[in-house]
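All values derive from a computational prediction rather than experimental measurement. This chain uses plain numbering: 1 for the first residue, then up along the sequence.
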Amino acid sequence: MANPAMKIISRPTAEYVDSPATLKGTFTKAFGLTVVTIASAVVSGMYLAGSSAAYGVLILGMIAGVVLTLVTCFKPHLAPMTTPGYAVFEGAVLGIISAQFERMYFGISAIAVGITLATMFLMLFLWKAQIIKVTNQVRSVIISMTGAVAIFYFINIIASLFGFHLMPTSGIFGILISFIIAGVAAFNFLLDFDNIEQAVSYGAPKYMEYFCAFGLLLTLVWLYIEILRLLQMILAMFGDDN
């Protein structure tokens with residue numbers, strides 16, 4: 001779930017327009033896309049998760065999400081049209097996944113949402129207060145770590161096709177891996193915020209508001225899923241001890 005829009009957002013643009021992207025516009029669109037994602041997740045979790053169509057919706061949502069992500073990354077000017085669709089489909093996927101976790105531990109989804117949002121605001125504070133400065137070295141480290149996680153995901157998917165699972169789903173080792181991945185996802189917020197600021201300072205065109213908001217949403221979704229997995233493993237271990 002590494003953020004594929006990260007490097008693209010960081011590239012300066014030579015396209016200067018009369019109505020450039022703004023910080024307010026970008027964060028407003030990020031808020032709107034997040035609301036759409038949450039609303040889609042709630043509807044999906046309530047009305048689709050327990051139905052016979054759940055598996056089909058899950059597969060359709062995942063495929064549509066990947067397609068829309070690729071289109072948005074390679075054609076940023078289409079972001080105003082593709083990102084709302086991504087929010088709807090990704091929300092449907094998250095709703096079904098979250099419902100499965102809710103059956104095991106009631107309230108785990110709400111806790112995961114709270115921790116995800118709290119983490120985002122914490123990273124925003126650290127970035128805004130310049131407690132953590134996004135230097136070229138910091139950027140390179142975060143991108144390298146994100147790339148390593150993406151490679152790990154890919155290898156795990158390939159290995160799972162042959163019956164092997166490199167990513168533990170329980171125990172201390174599984175919790176440690178999930179915690180590290182969640183940490184990498186959290187640090188991606190620093191790049192998102194810095195990329196948004198750079199895009200605005202470069203005089204990026206208006207559609208980049210949607211594109212930058214899309215990058216922020218990708219990180220939110222990635223972190224939420226990792227926190228959900230992390231909480232599940234912690235609660236499972238706690239339950240086993242009792």
Side-chain angles (χ1 to χ4, degrees), residues 1-4 31-73 78-79 81-117 149-150 152-171 174-175 177-178 181-182 185 214 217-240:
M1 294 285 301
N3 193 337
F31 176 78
L33 290 175
T34 302
V35 170
V36 171
T37 303
I38 293 176
S40 178
V42 171
V43 172
S44 175
M46 291 179 62
Y47 299 105
L48 294 176
S51 70
S52 58
Y55 183 74
V57 172
L58 182 65
I59 298 301
L60 174 63
M62 292 175 67
I63 294 174
V66 170
V67 171
L68 290 172
T69 295
L70 293 175
V71 172
T72 305
C73 288
L78 296 178
M81 293 176 283
T82 57
T83 52
Y86 172 83
V88 172
F89 283 110
E90 191 64 33
V93 171
L94 292 179
I96 293 174
I97 292 175
S98 299
Q100 294 175 347
F101 281 88
E102 282 288 324
R103 292 190 185 98
M104 294 184 287
Y105 303 101
F106 178 75
I108 189 174
S109 298
I111 296 174
V113 169
I115 294 176
T116 300
L117 294 177
V149 171
F152 178 69
Y153 280 144
F154 179 75
I155 294 176
N156 184 61
I157 291 174
I158 298 300
S160 65
L161 297 177
F162 298 93
F164 300 99
H165 296 279
L166 302 179
M167 185 178 294
T169 57
S170 62
I175 291 174
I177 291 179
S178 187
I181 294 176
F214 171 69
L217 180 61
L218 287 178
T219 303
L220 274 169
V221 170
W222 179 22
L223 181 60
Y224 169 75
I225 291 175
E226 285 304 325
I227 288 179
L228 198 61
R229 290 181 64 253
L230 181 60
L231 287 174
Q232 184 271 324
M233 286 187 284
I234 292 174
L235 291 172
M237 187 173 67
F238 180 79
D240 291 341

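- Rounding to the nearest 0.5 Å gives a distance of 5.0 Å between OG1 of T83 and CG of L33.
- Atom CE of M81 and atom CG of L68 lie 11.5 Å apart (nearest 0.5 Å).
- For A79 against T72, the heavy-atom pair with the smallest separation is CB-CG2, 4.1 Å.
- Residues I177 and F152 approach most closely at CG2-CE2, 4.3 Å, considering heavy atoms.
- Note: T37 OG1 to L217 CG = 4.5 Å, rounded to the nearest 0.5 Å.
- Considering every non-hydrogen atom in both T219 and A185, the closest pair reads CG2-O, 3.3 Å.
- The two residues A112 and Y224 come nearest to each other via the heavy atoms CB-CE1, 3.5 Å.
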Name every donor-acceptor pair, under 3.5 Å, that has one atom in a side chain of residues 40-54 and the other anywhere in the protein, sequence neighbours excluded.
unit_1	atom_1	unit_2	atom_2	d
S40	OG	V88	O	2.6
S40	OG	A92	N	3.1
S44	OG	A92	O	2.8
S51	OG	L48	O	2.7
S51	OG	A53	N	3.3

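- In this structure, CG on L220 lies 11.5 Å from CD on E90, to the nearest 0.5 angstrom.
- Residues I96 and Y55 have side chains not in contact (no heavy-atom distance under 4.5 Å, counting atoms from C-beta outward).
- Using a distance-only test at 3.5 Å, with no hydrogens or angles considered, a donor-acceptor pair links the side chain of S98 to the main chain of L94.
- Taking every heavy atom of both residues into account, S178 and M233 meet most closely at CB-CE, 3.4 Å.
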- Task: Take F89 and I63 through the test side-chain contact (heavy atoms from CB on, under 4.5 Å) and record every step on the way to the result.
- Result: CA-CA 9 Å; F89 283 110; I63 294 174; over 6 Å; no
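- With rounding to the nearest 0.5 angstrom, the CZ atom of R229 is 10.5 Å from the CD1 atom of I175.
- In terms of modelled atom types and a separation under 3.5 Å, the side chain of E102 and the main chain of S109 share a donor-acceptor contact.
- V93 pairs in a side chain to side chain contact (heavy atoms under 4.5 Å, CB included) with only one of the listed residues (V221, L60, L58, V57), which is L58.
- Distance check, rounded to the nearest 0.5 Å: CD1 of I227 to CD1 of I181 gives 12.5 Å.
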